[in-house]
Amino acid sequence: MSNDDIQEFVIDCITDPENRDKQAALDKWLQESEENRVLYAEIKRIWDIAETVPSTPFNKTEGWDLLSQHITGTPVKVRKMSGWWRAAAVLVPLCIVAAAWWQYSGREHKESEWMNFVAQGAEKDSLLLPDGSKVYAKPGTILAYNKQRVVKLEKGEAFFKVVQDEKTRFVVQMKTAEVTVLGTSFNITVDSTLTDVAVWDGKVSMARKDGETIVLKEGEMGRLDKGSLNKMTGNYAYRCGWANGYLIFENEEAGVVAAILSKYYHVNFTIADSLVKKRITVRFRNMSFEEVQTVLAEVLDK
Amino acid sequence: MLQDGFNISAEQANEGLRNHNVDVFRQIYLAYSEELFLLASRWVKDEHLAKDLVHNLFVHLWEKGGSLTITGNVRHYLFRAITNRCLNELKRRSRFVSEDLLQWQADPSSLNEISDYILLQKELINHLQGLAPRCREIFMMSRVQGLDPSEIASKLGITLNTVYFQLAVALKYLRTHMKGKKG
């Protein structure tokens, strides 16, 4: 075995401790020489140390800022507030905010009143709905919403991140279809002929206006095309990528991946003809285009 | 013993603390706070609490600086100080005190070993930044969050082989980069 192969072998054994065949092979290999045992110990040590790494890194700058606030000037003792004062410190501002909100919202619009929204900007626009759900919309998207978790999507493309509310369904109405959820995220594209609904997480029910309904799960996409409603095969989670930054491809043709990445990064991204049909599984999140290129090259090379 | 990368003598530290010298104090904080946080996290197994304990230790050093005398190695002094704070806090909260923490108290010579461990861990955290984001994510999910490779695969929607492959990439990278600095 070359040096690299040995390393690969040891790592393979460490990461898969349940596999008896591997562990047996490892034991045998460890018996062979002291050198092997040293190499193993080194890799195992890194593996073990990593286990106790804190989940959030320690921020020295932040820590120092906090500390220096504390120590500037003469050392100041921070007096602890008694329980009542602490409660009041939280409750009083809350009451003021709540009161202001009541007044404000009462004057603003009635429960069923529709508010219109047209998405602006170059890349995407966002909107916070009264229930706390969030909408990302591509420029030119037109929609209307009310305070009862109903949105009318006229045209365009929008990603919905719906907050959970077991009691009230969240509904998106379109000309020919309707989507109903409790709390999930999904993407809708509406143009003159097609309505596509791609689900990021949770469950979404998609219905044709005259009744037929399909239920879509994570990664699935429903399409309403000239009156026929179908569940598409494949994973369509990447459809949500423009809004949430995740680009996920599962067993997808490299050509398709390249086309979507080109659109997402606004570049012309091409790959060799011989690789266009190759199916790959890869996932990106908020990566620079350079990083994406590196990962993709690695995946295609395998 | 691993290289410090930073060394402040006990005399310098004592003088700085006695005179309320902010620059010296800041140097000490920047040099040791992360290690102290890692050590505290290891003892109390609660990152928020660990952060508070480190903060409180430094507040104490600042306020009582005039009456404290650091002897010997500054790092070791601070390691002992934070460990005592952790122990007291765990007792105060009637929380479980781990065997190795008690053993450490009984046998101060285990300090060198712990010190090595913490410095190695700090180095590892530094090198994690050098991994490709996806590779780092998978490595963290496996080690820090303790997920099985199969769980990671299903969570990220990738194949099991990809998970193993990325873990191998991460380990290989870390080993090569951490090797040169040992001893």
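Sequence lines set the chain letters: A, B, ... in the order given, protein chains first and strands last, and positions in each chain run from 1. Not measured: the values here are computed from a predicted model.
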Distance-only criterion, 3.5 Å: show the donor-acceptor pairs between side-chain atoms of residues 231-243 of chain A and protein atoms not counting sequence neighbours.
from, atom 1, to, atom 2, distance (Å)
A:Lys231, NZ, A:Val215, O, 3.2
A:Asn235, OD1, A:Ala237, N, 2.9
A:Tyr236, OH, A:Thr233, O, 2.9
A:Arg239, NH1, A:Asp196, OD2, 3.2
A:Arg239, NH2, A:Asp196, OD2, 3.4
A:Trp242, NE1, A:Glu157, OE2, 3.1
A:Trp242, NE1, A:Asn187, OD1, 3.0
A:Trp242, NE1, A:Arg239, O, 3.3

Among A:Asp12, A:Val282, A:Leu66, A:Val10, who wins on heavy-atom pairs under 4.5 Å with chain B?
A:Leu66
Where is the tightest heavy-atom contact between B:Ile82 and B:Ala40, given as atom of each residue plus distance?
CG1-CB, 4.0 Å
Considering only heavy atoms, which portion of B:Phe58 lies under 4.5 Å from any heavy atom of chain A: side chain, backbone, both, or neither?
both
Turns out that what part of B:Leu30 lies under 4.5 Å from chain A's heavy atoms comes down to both
Let me know if B:Ile158 has heavy atoms under 4.5 Å from chain A in its side chain, its backbone, both or neither.
both
Measure B:Gln145 against the heavy atoms of chain A and call it side chain, backbone, both or neither at under 4.5 Å.
neither
Identify the heavy atoms of A:Ser185 and A:Asp201 that sit nearest to each other, and give their distance.
N-OD1, 2.9 Å
In terms of heavy-atom proximity below 4.5 Å to chain B, should A:Val295 be classed as side chain, backbone, both, or neither?
side chain
Mind checking the CZ-CG spacing from B:Arg85 to B:Leu90? Nearest 0.5 Å is all I need.
13.5 Å
Would you mind writing out the side-chain donor-acceptor pairs for residues 51-59 of chain A within the sub-3.5 Å range, not counting sequence neighbours?
from, atom 1, to, atom 2, distance (Å)
A:Thr52, OG1, A:Ile49, O, 3.2
A:Thr52, OG1, B:Tyr117, OH, 2.8
A:Thr52, OG1, B:Gln121, NE2, 2.8
A:Ser55, OG, B:Glu47, OE1, 3.3
A:Ser55, OG, B:Glu47, OE2, 3.2
A:Thr56, OG1, B:Glu47, OE1, 2.9
A:Asn59, OD1, A:Thr61, N, 3.1
A:Asn59, OD1, A:Glu62, N, 3.1

Heavy-atom distance under 4.5 Å to chain A: side chain of B:Ala132, backbone, both or neither?
neither
Could you tell me which portion of B:Gln129 (side chain, backbone, both or neither) has an atom closer than 4.5 angstrom to a non-hydrogen atom of chain A?
neither
A:Thr294-A:Glu291 side chain donor-acceptor pair, cut-off 3.5 Å
no
So what's closer than 4.5 Å to chain A heavy atoms on B:Ser41: side chain, backbone, both or neither?
side chain
Test item: side-chain donor near acceptor, B:Thr69 and B:Asn14, under 3.5 Å
no
Would the B:Tyr29 and A:Trp64 ring centres measure less than 6.0 Å apart?
yes
Relative to chain A, which segment of B:Phe25 carries a heavy atom at a distance below 4.5 Å: side chain, backbone, both, or neither?
both
Shortest non-hydrogen separation from A:Thr184 to A:Gly202 and the atoms involved:
CB-CA, 4.0 Å
Chain A contact via B:Leu124 - side chain, backbone, both or neither, heavy atoms under 4.5 Å
side chain
Among B:Ala168, B:Pro149, B:Gly146, single out the residue with the greatest number of heavy-atom pairs under 4.5 Å to chain A.
B:Ala168
Heavy-atom distance under 4.5 Å to chain A: side chain of B:Arg134, backbone, both or neither?
both
Using heavy-atom distances under 4.5 Å, tell me whether B:Val22 contacts chain A through its side chain, its backbone, both, or neither.
both
